[in-house]
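Computed from a predicted structure; not experimentally measured.
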Amino acid sequence: MDGLDAIRNEVHRQSYTCDVRRVTGNGPYDDDTRSVVGTVEVAVSAPSASAQVVQEGSIEETSLVGHIVPETDTDGALVESVHVTDHLDVQNHPQKYVVRTKVGIPDAIDPDLWELALDRANDTE
């Protein structure tokens, strides 16, 4: 087993199944309507004390880091299962997260892993 397979196996082992909620409204008055658009397996961990995510020139401190093993469809095309601003609701658990950034490792064209910067979502949503 190579190093990448070991990392992917560990991500699968530590992951939780989350419902992916996305804004589905088209108008200004229904933009906060979030519908479940699928599920995803996410391994969530705390970043190091100095961890920061750099995205498009801005530095944003985040409270958690998530990792996802990319999926492909039957034709081999990359499936985008999570987008920035999606909400991840852990199934059978009250924890909820908001996706702040999404970065492909080593790149976003053919990623070996997706790294997500996550914040805890407001429990009142």
- List for me each residue that meets side-chain hydrogen bond (donor to acceptor under 3.5 Å, both in side chains) alongside Ser15, sequence neighbours excluded, and say none if there are none. Glu41
- Note on the structure: Interatomic distance, CD1@Ile105 vs CD@Glu115, rounded to 0.5 Å, equals 4.0 Å
- Taking the side chain as every heavy atom from C-beta outward, state whether Leu113 and Val69 have any atom pair closer than 4.5 Å. yes
- Task: Over all heavy atoms of both residues, which pair between Val82 and Arg22 is shortest? Give the atoms and the distance, please.
- Result: CA-NH2, 4.1 Å
- Message: Tell me every residue that passes salt bridge (Lys or Arg N to Asp or Glu O under 4.0 Å) with Asp19, counting only those two or more places apart in sequence or in another chain.
- Response: none
- Message: Rounded at 0.5 Å granularity, tell me how far OG1 in Thr85 sits from CZ in Arg21.
- Response: 14.0 Å
- Item | Shortest non-hydrogen contact from Leu88 toward Leu116 | CD1-CD1, 4.3 Å
- Message: Suppose we screen for side-chain contact (heavy atoms from CB on, under 4.5 Å). Which residues come up paired with Val90, at least two apart in sequence or across chains?
- Response: Tyr16, Cys18, His93, Gln95, Tyr97
- Task: Give, for atom NE2 of His67 and atom CG of Leu118, the distance between the pair rounded to the nearest 0.5 Å.
- Result: 10.0 Å
- Task: Please lay out, stage by stage, how Arg120 and Leu64 fare under the test side-chain contact (heavy atoms from CB on, under 4.5 Å).
- Result: CA-CA 8 Å; Arg120 295 188 198 284; Leu64 298 166; 3.8 Å; yes
- Go through the structure and list residues passing side-chain contact (heavy atoms from CB on, under 4.5 Å) with Asp107, not counting sequence neighbours. Ile109, Asp110
- Hits for side-chain contact (heavy atoms from CB on, under 4.5 Å) against Gln14, two or more places apart or cross-chain, chain-then-number order -> Glu10, Ala43
- Query: Are Ile68 and Val11 close enough that some pair of their side-chain heavy atoms sits under 4.5 Å apart?
  - Reply: no
- Hey, does Asp112 have a side-chain heavy atom less than 4.5 Å from the side chain of Pro106? yes
- Note on the structure: In short, Gly104 meets Pro111 closest at the heavy-atom pair CA-CB, 3.9 Å
- Which residues share a side-chain contact (heavy atoms from CB on, under 4.5 Å) with Glu80, sequence neighbours left out: Leu78, His83, Lys102, Trp114
- Query: How close do Val42 and Gly66 get, heavy atom to heavy atom, and via which atoms?
  - Reply: CG1-CA, 4.0 Å
